[in-house]
Amino acid sequence: LVVNEEKTEAMWLGANHCSPKETLPIKKVDEPILILGVLFTYNSKLKRELNLETILKNIKEVLNLWRWRNLTIYGRVQILKTFIVPKILYRATTLCLDKEISKEIETLMYTFLWSGKDKVKRRVVIDDYNGGGIKMPNIPFMIKSQRVLFLKRYKEMHPTIWKTVLKHYFKHLGGSFLLDCNFSMTLLPSQLPLFYKECFSAWASLKTNKDNSTQQNRDFILNQVIWNNKSILIGKKSVYRDKLVKAGIVKIKDILDPQGILLDFETMNNLYSNILSYSDYFLLYSISQSISAQWKPVLRDPSYNNPANKIIKYKKGMTYFEVGVQMFILENLKAKQIYKIFINKDVIEPTSKLKYQQKYPEYTFEWEEIYSIPYKATIDTKHREFQWKILHRILYGNSSLYKMQLVDSPLCIFCKTENETLEHLFFRCKLISNFWMAIENSLKTEQILLSRLLEIEVLVGITKEIKYK
């Protein structure tokens, strides 16, 4: 095949694109070019405008078409997943979304979900159904999952040309070996393009755990990689020595004796084929002194192991990270699983939980079962939404609406004698209590034995077993 010089155009890449040293008999392109739906140009401001701001405009138009439909929250979530999320994720594969754009997209999505201001915290609605959420898509976590998969492919042994770029940037940090380390981007002595920085930041955040319980496990600490470790700093920076890694000095256990003390120079030099110099040993001594103060007492007690954690059996060549008290092997994970891990690390408990527990301190709440009841009892999304709103206490009666100055009276619409709270509307009102008595009598005629209904069971559902004659 031969390039047709008359029909071919080229866009030069790299920092020196304005004055390339090589000259080719091909026309240079300065205006934006379209590749698979994404516009590329040297002007970063114009690239943002052509790609991201155009997408924002398109998102607004799509959501405006659906805004006035009588959709449940589940229907609205489905619209977002079907028409909005794919548009964003496609461009996110090649472009970086800045914080301003991400925030605007999130605002558009949640305004569409609630038809106004948020009624339940965003870190709650992203959770699974049995956690009280509605599986609301989280764009930043979806993009992070994409970035982690990109590095997962980089870590695989298959040789490909695109890996050469990353090898160049990280040759002084061990190349793909960096992904086995407990690193932080801010502590690495390296400058990266924004896309790669996003990838490595996502990888680091996946391995970061807010619950440090596993870090009191001696086996876990001994298997920590020394190099590029954010918890082992010299001069406020993590360190890496290619010579020592190739010699086999990789983890904390490689430089300590069974009592958690640094091996002496002769023992260590004999152990690693006499390749150590005094400067190498001095570096290892500095590293041993830089080990976290929380880890040192655990390392110096060979019998210590947190009873809450099992001994972790590490497999060679695998990348481990912890979430809570669970350990995961990254090589076995798929995109959905990675996204789920990001979600689980970020979600919080609904504030309505505490309100219910304060109102009914004597009742034992089985929250996972309670949140699952609507999805087991019916397939109708209107009914599911109704119960979900009760569970999150966002089904407002006259008492709440009166405080919002939306109605003239806080009194119950039926009895007109007491304030219409959630509890009064569904149980305490005389007319409603007669309804529940009729239900109980009807169940008895069907030979279904049900102890007297409790107020809290009417609100959140019955989790105990119902007996039949």
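The shown structure was predicted, so the numbers you read here are calculated from the model rather than taken from an experiment.
The aromatic rings of Trp227 and Tyr240 lie perpendicular to each other, with more than 60° between the two planes, well past the 30° mark. Ring pair His392/Trp388 is tilted by interplanar angle, where 30° to 60° counts as tilted.
Under the side chain to side chain donor-acceptor pair (under 3.5 Å) criterion, Arg241 pairs with no residue, sequence neighbours left out. Under the ring-ring contact (aromatic ring centres under 6.0 Å, His included) criterion, Tyr339 pairs with no residue at all, not counting sequence neighbours. Listed by chain and number, the residues in a side chain to side chain donor-acceptor pair (under 3.5 Å) with Asn274 amount to none (sequence neighbours excluded). For Glu385, there are no side chain to side chain donor-acceptor pair (under 3.5 Å) partners, not counting sequence neighbours.
Under the 6.0 Å cut-off for aromatic ring centres, Phe265 and Tyr278 qualify, their centroids lying closer than that. Ring-centre distance between Phe83 and Trp66: below the 6.0 Å cut-off.
Residue pairs meeting the salt bridge (charged side-chain N to carboxylate O under 4.0 Å, His left out) criterion with at least one partner in residues 193-206, sequence neighbours excluded, are Arg147-Glu198. Applying the ring-ring contact (aromatic ring centres under 6.0 Å, His included) test to every pair with at least one member in residues 97-138, sequence neighbours left out, gives these pairs: Tyr129-Tyr375.
Counting only heavy atoms from C-beta outward, the side chains of Ile234 and Leu283 approach each other to under 4.5 Å.
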Exercise. Show the numbers, then the answer: is there a side-chain hydrogen bond (donor to acceptor under 3.5 Å, both in side chains) between Gln78 and Thr82?
Key: CA-CA 6 Å; Gln78 191 58 49; Thr82 304; 3.2 Å; yes
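The two residues Asp346 and Ile126 come nearest to each other via the heavy atoms OD2-CD1, 3.8 Å.
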